[in-house]
Protein chains: 2
Amino acid sequence: MTITLSIPGIAADDLPLEEQAYRRLRQALVEGVFAPGEKLSIRRVAEALGTSPMPARTALRRLATEQALDALPSGTVLVPRLTRAAFQEVSAIRAELEPLAIRLAASRVDSGTLDALAAVVAEQDAARAAGRPELCLQKDREFLFGLYRQAGAPMLLGMIEALWLRRGPLFWEARWIVMGSPPEAAHRHGPILAALRRGAGEEAARELKAEIERMTAFLSGALQFEDEVPAMPRAMRARA
Amino acid sequence: MTITLSIPGIAADDLPLEEQAYRRLRQALVEGVFAPGEKLSIRRVAEALGTSPMPARTALRRLATEQALDALPSGTVLVPRLTRAAFQEVSAIRAELEPLAIRLAASRVDSGTLDALAAVVAEQDAARAAGRPELCLQKDREFLFGLYRQAGAPMLLGMIEALWLRRGPLFWEARWIVMGSPPEAAHRHGPILAALRRGAGEEAARELKAEIERMTAFLSGALQFEDEVPAMPRAMRARA
DNA sequence: GCCGAAAAAATGTGATCACAAAGCTCCACC
DNA sequence: GGTGGAGCTTTGTGATCACATTTTTTCGGC
C-alpha cells in the first residue's frame with residue numbers, strides 16, 4: 001500500500017523513504033517527542049510513518065549507529081536517557097571540537113559572513129528580550145553552525161551535529177530554565193564575533209570554550225537528569 | 001540458502017549476519033583490502049559474504065553513516081579517497097579528542113593498568129627493533145586504546161575509533177614509511193606514561209597532542225595522497 | 001576513428017513473507 | 001494471595017521479489 005503523498009513533479013520529497021524516515025525521526029528526537037527510555041519498535045515506527053517496516057528499520061539503525069538511539073543486545077532500540085555523566089561527556093567533547101571549528105573557520109571567514117552572523121546575534125537578543133525561548137535557541141544554533149560551516153571541515157561538522165543531536169532532547173527540556181536563568185548563564189556570542197573580526201581565531205576559540213564550560217556548569221546544577229529521577233513518567237506518544 | 005558455517009553450540013559467531021558483515025567489512029577497510037574509490041555494490045558484497053543482499057546492505061549503510069565509506073547521491077557506496085585535506089582534518093580532530101581522553105583517564109587509571117601499558121610499550125619497542133611494522137602498529141593501537149578505555153567515556157571512545165577507521169587504509173599503506181623514518185617521527189609513549197604515574201594528566205595530554213601533531217607533520221610530508229596521484233591504479237579486489 | 005543513442009545489465013529501494021527468539025498474559029496450582 | 005509455566009503476541013532478522021533508476025555496453029551513423 002504505497003500512497004504517493006504529493007504530485008511527483010512538484011514535491012521536493014522525492015528522497016528515498018528511508019531518508020525521509022531518518023529525518024523525521026531525527027527531528028522528533030531533537031524536539032523531544034519521545035520519552036527517554038521509550039522503546040521504538042520497527043513495526044510501530046513504520047506504521048506511524050505509513051511505510052513498510054524496511055525504511056523504518058534502516059533509519060532506526062542509522063540513528064543507533066550514530067548513538068542518537070541506544071540499542072539493546074536483543075536488537076530493540078530505545079530513546080537514550082541522558083545521564084549526568086553522559087551530559088558531561090558530551091559537553092567535554094563539545095568544549096574541544098567546537099573551538100577547533102572556530103579556529104579553522106577564523107582563517108577562512110570573510111567580513112560579509114561575519115555581518116550576517118552579527119545579524120543572527122541581534123535576532124537572538126531580540127528573541128530573548130521577547131521571551132521566545134525556542135526562537136532564541138534556534139538563533140543560537142544558527143549562529144554557531146553558520147560559523148562551523150565556515151571551517152570547511154565536513155567530518156568535524158558531522159561530529160558536532162551528532163553531539164547536538166545527542167544532547168537535543170535534554171536541552172529542549174531545559175529551554176525554560178535557560179530563559180529564566182541569571183545573566184552569567186546566557187550565551188555571549190559578541191566577544192567571539194569581535195575576536196574574529198580582529199582575526200584572533202585563537203581568542204575566539206577560547207571564548208567559545210569558556211562559554212561552553214560556563215553553560216555546562218550552570219545546566220549541570222540546574223537540571224535533573226534521568227538517572228536522578230525516582231519515578232519515570234513514561235509518556236506514551238506514538239507520533240513520529 | 002542459509003548455510004550454517006559452524007556448530008551452533010560451540011561457535012561464538014551466533015551474532016546477526018548483519019553484525020558479522022559489518023565487522024568483516026570494517027576489518028577489510030582497516031587492512032586496506034579495497035582500493036580507494038572502489039565501488040562496493042550491495043549485491044557484490046553480499047555474494048562475497050555468502051549472504052543475501054540484506055545484511056550487506058545494512059552493514060554498508062552503517063559504515064556510510066559513520067563516514068567510513070562515502071555515499072554517492074545515487075545511493076552507491078564507495079571506499080573514500082583520503083585527500084590531504086581530509087587527512088589533516090582527521091589529525092586535527094584527533095589532536096583534540098585523544099588528549100581529552102588522556103585527561104579523563106588520568107584520574108581513573110590505577111598503577112596496575114599503567115604497568116600493563118608499560119609492558120605494551122616495551123613490546124612495541126621490541127617489535128620496532130625486530131623490524132615488524134604491523135606488530136608495532138598493533139601495539140601502538142593497543143597502548144593508546146588501552147588508555148582511552150580508562151577514560152570511562154563511551155561516546156568519546158566511539159568517536160576516536162571512527163577517526164582511526166577513517167584513517168586506517170592510509171596509515172596501513174604508510175607503515176613502511178614509518179618504520180624507516182627518522183627517530184623524531186617515532187611515537188614516544190614513555191613520557192606519557194611517566195606523566196600519568198606522576199598524576200600529571202594535563203602534561204600527559206600535552207605530550208600526546210604534541211606527538212599527534214609531530215606525526216601528522218611528518219606523514220603529511222612523506223605521503224602521497226589520493227588527490228595528488230595523477231593516475232589511479234584501480235585495483236580489482238573483490239574479496240571481502 | 002569517434003561520437004551518440006538505444007539496448008542491456010546492474011544497482012538501490014522498498015514491500016512482503018517466513019522464522020526464531022524474546023516478552024508478555026493469564027490462568028491453574030500450591 | 002503468590003508463583004510458575006503454557007500459550008500467545010510481538011519483535012528483530014533475513015530472504016526473495018518487483019520496480020524504477022542509473023550505469024555500462026554496444027552498435028549504427030557521421
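Predicted model only: the values in this text are computed from it and were never measured. Residue numbering restarts at 1 for every chain, and letters A, B, ... go by the order of the sequence lines.
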Report summary line: In short, A/Ala205 meets A/Ile102 closest at the heavy-atom pair N-CG2, 3.8 Å
Report task. Hey, could you give me the CG/CZ distance between B/Leu69 and B/Arg26, rounded to the nearest 0.5 Å? Result -> 11.0 Å
Report task. Kindly say whether, by distance alone, the side chain of B/Arg57 makes a donor-acceptor pair under 3.5 Å with the base of C/dG12? Result -> no
Query raised in the report: Is a salt bridge present between A/Arg166 and A/Glu89, judged by a nitrogen-to-oxygen distance below 4.0 Å?
Result: no
Query raised in the report: With respect to the side chain of B/Thr76, which nucleotide from D/dG14, C/dG14, C/dG12 is positioned closest?
Result: C/dG12
**Report entry** Value in whole Å for how far the P atom of C/dA10 lies from CG of B/Leu78
**Finding:** 20 Å
Report task. Check whether any side-chain nitrogen or oxygen of A/Lys39 sits under 4.0 Å from OP1 or OP2 of C/dA22, and answer yes or no. Result -> no
**Report entry** Interatomic distance, A/Gln20 CD vs C/dT13 P [rounded to whole Å]
**Finding:** 13 Å
Requested in this report: Starting at atom CD of B/Glu19, determine the distance to atom C1' of D/dG14, rounded to an integer number of angstrom.
Outcome: 15 Å
Requested in this report: For the side chain of B/Pro55, starting at C-beta, report the closest nucleotide among D/dA15, D/dT11, D/dT22.
Outcome: D/dA15
Query raised in the report: Within the pair B/Arg61 and C/dT13, is there a side-chain N or O less than 4.0 Å away from OP1 or OP2?
Result: yes
Query raised in the report: What is the distance, rounded to the nearest whole Å, between atom CG of B/Leu72 and atom P of D/dT23?
Result: 7 Å
Query raised in the report: Once you round it to whole Å, what is the distance between C1' of D/dG12 and OH of B/Tyr22?
Result: 19 Å
Query raised in the report: Separation of A/Leu49 atom CG from C/dG14 atom P, in whole Å?
Result: 12 Å
Query raised in the report: Hey, which of these two, B/Ser74 or A/Arg43, hits DNA chain C nearer its 5' end, going by closest nucleotide?
Result: B/Ser74
Query raised in the report: Phosphate oxygens OP1/OP2 of C/dA10: is one of them under 4.0 Å from a side-chain N or O of B/Ser41?
Result: no
Requested in this report: State whether B/Arg44 and B/Glu38 are salt-bridged, where the test is any N-O pair (Lys NZ or Arg NE/NH1/NH2 against Asp/Glu carboxylate O) under 4.0 Å.
Outcome: yes
Query - Protein-nucleotide distance (A/Met54, atom CE; D/dA18, atom P), rounded to Å - result: 15 Å
Query - Under-4.0 Å salt bridge between A/Lys139 and A/Glu142 - result: yes
Query raised in the report: Atom CD of B/Glu47 to atom P of D/dA15: distance rounded to whole Å?
Result: 14 Å
Query raised in the report: Among the nucleotides C/dT13, D/dA15, D/dG12, which one has an atom lying closest to any side-chain atom of A/Ile42?
Result: D/dG12
Query raised in the report: Hey, which of these two, A/Ser52 or B/Leu60, hits DNA chain C nearer its 5' end, going by closest nucleotide?
Result: B/Leu60
